[in-house]
Amino acid sequence: MFKQNLAQLLEELKSNKKYKDQIVYWHEMEAVEAKTKAFPVGMNDRIKEGLKRRSIYELYTHQSSAFELAVAKENLVAVTPTASGKTLCYNLPVLQQITEDKESRALYLFPTKALAQDQKSELNEFITEMDINVKCFTYDGDTAPNIRQAVRTAGHVVITNPDMLHSAILPHHTKWVAFFENLKYVIIDELHTYRGVFGSHVANVIRRLKRIAAYYGSHPTFICTSATIANPKELAEELTGEPMRLIDNNGAPRGKKHFIFYNPPVVNQALNIRKSATVEVNELAKLFLENKIQTIVFARSRVRVEIILSHLQELTKKQLGPQSIRGYRGGYLPKQRREIERGLRQGEILGVVSTNALELGVDIGQLQVCVMTGYPGSIASAWQQAGRAGRRQHESAIIMVANSTPIDQYVIQHPDFFFEKSPESARINPDNLVILVDHLKCAAYELPFKRGDTFDGVEIEEILEFLAEEHVLHHRVDKWYWMNDAFPAHGISLRSASQENVVIIDQSDVAHPTVIGEMDRFSAMTLLHDEAIYLHQGVQYQVEYLDWDEKKAFVREVAVEYFTDANLAVQLRVLEEDDHKSSSYTKVSFGDVMVNAKATLFKKIRLSTFENIGSGPIHLPEEELHTNAMWLSFSDEIAHEFVDEPLDQALIGLAHLFQHVAPVFVMCDRSDLHVIPQMKAEHSEAPTIFMYDRYPGGIGLAKEVYRHIDLILENVKQLLSSCSCQDGCPACVGASSEFTGNVKQVVYKLIRLLQRREEHGVKGKA
């Protein structure tokens, strides 16, 4: 069969009626030349030689600026696109320091193990070419115990992740004395991933790191690198507690890129339902893969990754064989992930279907095409995924295939929103009381607190006294000591809202059960209940038994024509209102709530047609969550306005729109912020829409929505009016069995009444 190259395939997309009618927007980004500077004067000759051996004779402008600031011991954050050579921004100053002082040490922090492994091999290759004696080690859960001693005493560069720093390095700092005494640099890569819950935890881990470094007499310089977000300097300063210098003069070249917005055809005119994005993605990916063009497909969820993977392997197994297309996501074990990364770099694997695990800077070589299943949820994330194609200055194509969801349809029909709006801000809240108290326990275990001490500037005496009253700390002569046998860091997970994960055990071979992955408790309620179909590497497993107390899910391999989807019933009580602004029609409030969630039943959905073919109950205990929320309460006047129209349907429709629009503004996953409409709220008996943080104690998401509610409401209104349906559809107000008549009009009326708040003047809480 005659193979076509990328240019010919792009031409086919433009001319073939099957594709061209679905292409809403075609954005071409021209190639950009490199901007370079000569090697800095003070740079060590061996480093220069090493660079020349890699055919690097000059530095890009951003690399040169970073070197000069870092050598002058200034904290910096470098913001450049994917594949712009940002590793040299920190490797060069670190190696320069080690050549000047053999005892110097550096700590590299990467959000994932895969990235750490990748950077280690790159740094070691460079060290070999420089021909100097620099020991560089990774220190993570996979590091063998007999090597750990060598890492602690001899490692010039220790590459790890925040989880290991939190639970294995800081609590045992007495074994790392030589390292902490000589710590000169701390590198934080992929800064933009440290947001929300994870970022708030890591900011506290950094506070503990600085406290221990100061105890051993060192004050390291921080070098951060980040993909494009709106507030990199602010985020770096919040995360490290240090003033930062921003470097954004990117000098890296870029090949020509085609950014294509693709909207699947409408299959149901009345409901404005479009053909499934998954089906279209399969078609497009098959077109490129059959022509042996390396392609990456991104999907939003683990389940979606596995569905696309099994379809693609089925479509191309005759031409390519099943092993040439692989899946890549968080639940896989490290060995599988390394093998996939290597296969991509060497070109043995032609296609990869991934969640955002591959959004980060893992080096996977030259991919020419990136296909996104839906809008990834933030502009920053979309550019990260797009950066995966054309990493080596060649022509590349990015195709974003829209889902029927409101935000996808809004983005695809407003390309200017995507190409001209600055990316979102990343938010963290290091002083969240739940998180702060957890890390103060860890810090007290590491070193006792003295009276008058702060936690990197945060006043903590009241909390220490509270912990002493609870018999967690022991107060003696102006000092607070840890007084428990247990080890605090082990009980605290940096990644998820719940403290323990559920382990997934495959018992297809009864004699040899194997662990194939793990999942956090909140997700397990809806994805690992009894009889759920769990997908892993494109293979279907049925959950035979979920042992909730022991946190184990026992699964067995099956081959069925359906997947499962579970319902979560949520009850919500207001505990305290901290702030509000009210008008004649509405009251917008912010405060503390208690959420009780219970998985109730699951549906079986056919893989090929997505129709419901059965259901069953879920028997799991209720989970409780104390968190922050903002809520919109509607007054009696609104009820009078809706005498002839269904107010309950308007609430459900508006809540659906909020669920899609609000996360975009606060830069979080849709699952981090939940929206619940209630016709009669328990605390006020008024119709209310709640939005709450799905994390104990809250991380500032609901507060951010509270602050920007007018702006979010305006965007909800735009989204509703730009939808081409008549009466409301899944792409705007959602699909509910309770909807009758023109729901779109009713929701629109409710939004207009809400927006009258501004015209009538808003009264705030004194």
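All values below were derived from every heavy atom in this structure, side-chain atoms included, with hydrogens, water molecules and symmetry-related copies excluded.
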>> Check Glu30 with Arg254, please: is the shortest side-chain N to carboxylate O separation under 4.0 Å?
In response: no

> Can Ser226 and Glu190 be counted as having a side-chain donor-acceptor contact under 3.5 angstrom?
Replying inline: no

> So which heavy atom on Phe67 is nearest to which on Pro40, and how close?
Replying inline: CD2-CG, 3.5 Å

> Taking Thr153 for the side chain and Gln149 for the main chain, is one N or O donor matched with an acceptor at less than 3.5 Å?
Replying inline: yes

> Looking at side-chain heavy atoms only, is the closest gap between Phe288 and Leu350 below 4.5 Å?
Replying inline: no

>> Are His166 and His439, when compared by the centres of their aromatic rings, separated by less than 6.0 Å?
In response: yes

>> Check Lys257 with Glu28, please: is the shortest side-chain N to carboxylate O separation under 4.0 Å?
In response: no

> Are Phe137 and Val158 side-chain neighbours, meaning at least one heavy-atom pair lies under 4.5 Å?
Replying inline: no

> Going from CD on Gln63 to OG1 on Thr36, what distance comes out if it is rounded to the nearest 0.5 angstrom?
Replying inline: 10.0 Å

> Would Val77 and Ile247 satisfy side chain to side chain contact (heavy atoms under 4.5 Å, CB included), going step by step from the backbone distance to the final call?
Replying inline: CA-CA 6 Å; Val77 53; Ile247 292 177; over 6 Å; no

> Is Gln96 reaching over with its side chain to a backbone N or O of Val71, donor-acceptor style, under 3.5 angstrom?
Replying inline: no

>> Would you say that more than 12 heavy atoms from the other residues, nucleotides or ligands in this model lie under 6.0 Å from the CD of Glu33, or not?
In response: no

>> Is the shortest side-chain heavy-atom distance between Val353 and Arg326 below 4.5 Å?
In response: no

> Roughly how far, to the nearest 0.5 Å, is CZ of Phe180 from CG of Leu170?
Replying inline: 5.0 Å

>> Treating Asn231 as the side-chain partner and Glu234 as the backbone partner, does any N or O pair qualify as donor plus acceptor under 3.5 Å?
In response: no

>> Looking at every non-hydrogen atom in both residues, tell me the closest pair between Phe179 and Gly155 and how far apart they are.
In response: CD1-O, 4.2 Å

>> Working note: Val134 + Thr99, criterion side chain to side chain contact (heavy atoms under 4.5 Å, CB included); need CA distance, chi angles, decisive distance, verdict.
In response: CA-CA 9 Å; Val134 175; Thr99 55; over 6 Å; no

>> Under a 3.5 Å distance rule, please check whether Arg105 uses its side chain to pair with a backbone N or O of Ala178 as donor and acceptor.
In response: no

> Under 3.5 Å, side chain of Ser167 to main-chain N/O of Asp163, donor-acceptor pair present?
Replying inline: yes

> Which distance, rounded to the nearest 0.5 Å, do you find between the CD1 of Ile132 and the CG of Leu95?
Replying inline: 5.5 Å

>> Let's go through Asn429 and Ile435 carefully: what are the C-alpha distance in whole Å and the side-chain angles of both, what is the deciding distance for side chain to side chain contact (heavy atoms under 4.5 Å, CB included) to 0.1 Å, and is it a yes or a no?
In response: CA-CA 9 Å; Asn429 177 17; Ile435 294 174; over 6 Å; no

>> Rounded to the nearest 0.5 Å, what separates atom CD in Glu242 from atom CD in Glu74?
In response: 12.0 Å

>> Given 3.5 Å as the limit, does a donor-acceptor pair link the side chain of Thr373 with the main chain of Phe298, or not?
In response: yes

>> Name the residue from Arg208, Lys210, Arg211, Lys441 that meets the salt bridge (charged side-chain N to carboxylate O under 4.0 Å, His left out) definition with Glu446.
In response: Arg208

> Does the pair Asp189 and Thr225 meet the rule for a side chain to side chain donor-acceptor pair (under 3.5 Å), with working shown?
Replying inline: CA-CA 5 Å; Asp189 193 26; Thr225 64; 2.2 Å; yes

> Can you check whether Pro430's main-chain N or O pairs, donor with acceptor, with Asn204's side chain at less than 3.5 Å?
Replying inline: yes

> Taking Thr160 for the side chain and Tyr139 for the main chain, is one N or O donor matched with an acceptor at less than 3.5 Å?
Replying inline: yes

> So, the side chain of Asn291 versus the backbone of Ile293: is there a donor-acceptor pair under 3.5 Å, distance only?
Replying inline: no

> With side chains defined as the heavy atoms from C-beta onward, is the minimum distance between Ile223 and Pro93 less than 4.5 Å?
Replying inline: yes

> Would you say the side-chain atoms of Gln385 pair up with the backbone N or O of Met372, donor to acceptor, closer than 3.5 Å?
Replying inline: no

>> What verdict does the side chain to side chain contact (heavy atoms under 4.5 Å, CB included) test give for Val157 and Ile159, after you've listed the backbone C-alpha separation in whole Å, the side-chain angles of each residue and the deciding distance to 0.1 Å?
In response: CA-CA 6 Å; Val157 175; Ile159 302 176; 4.0 Å; yes

> Looking only at heavy atoms, which two atoms of Arg207 and Asp456 are closest? And how far apart?
Replying inline: CG-CB, 3.7 Å

> Considering only heavy atoms from C-beta outward, does the side chain of Trp176 approach that of Val151 to under 4.5 Å?
Replying inline: yes

>> Just by distance, no angles: are the side chains of Asn75 and Thr221 close enough, under 3.5 Å, to form a donor-acceptor pair?
In response: no

>> Under a 3.5 Å cutoff, is there a donor and acceptor pairing between the side chains of His173 and Tyr215?
In response: no

> What closest approach, in Å, do Leu183 and Leu209 show between heavy atoms, and which atom pair accounts for it?
Replying inline: CD2-CD1, 4.3 Å

>> Could you tell me if the side chain of Gln97 sits less than 4.5 Å from the side chain of Lys73, heavy atoms only?
In response: yes

> Between Gly351 and Leu289, what is the shortest heavy-atom contact and its length?
Replying inline: CA-CD2, 3.7 Å

> Is the shortest heavy-atom distance from the side chain of Cys136 to the side chain of Asn124 under 4.5 Å?
Replying inline: yes

> Parallel, tilted or perpendicular: which fits the ring planes of Trp383 and Phe259, with parallel below 30° and perpendicular above 60°?
Replying inline: perpendicular

> Going from NE2 on His156 to CD1 on Ile127, what distance comes out if it is rounded to the nearest 0.5 angstrom?
Replying inline: 9.5 Å

> Shortest non-hydrogen contact from Ser65 to Asn249?
Replying inline: OG-ND2, 3.0 Å

> Can the ring centroids of Tyr108 and Tyr90 be said to lie less than 6.0 angstrom from one another?
Replying inline: yes

>> Side chains of Pro232 and Leu246, heavy atoms from C-beta outward: is any pair under 4.5 Å?
In response: yes

>> For Arg148, I'd like to know if atom CZ has over 12 heavy atoms of other residues, nucleotides or ligands within 6.0 Å.
In response: yes

>> For the CG atom of Asn44 and the CZ atom of Phe39, what is their distance to the nearest 0.5 Å?
In response: 12.0 Å

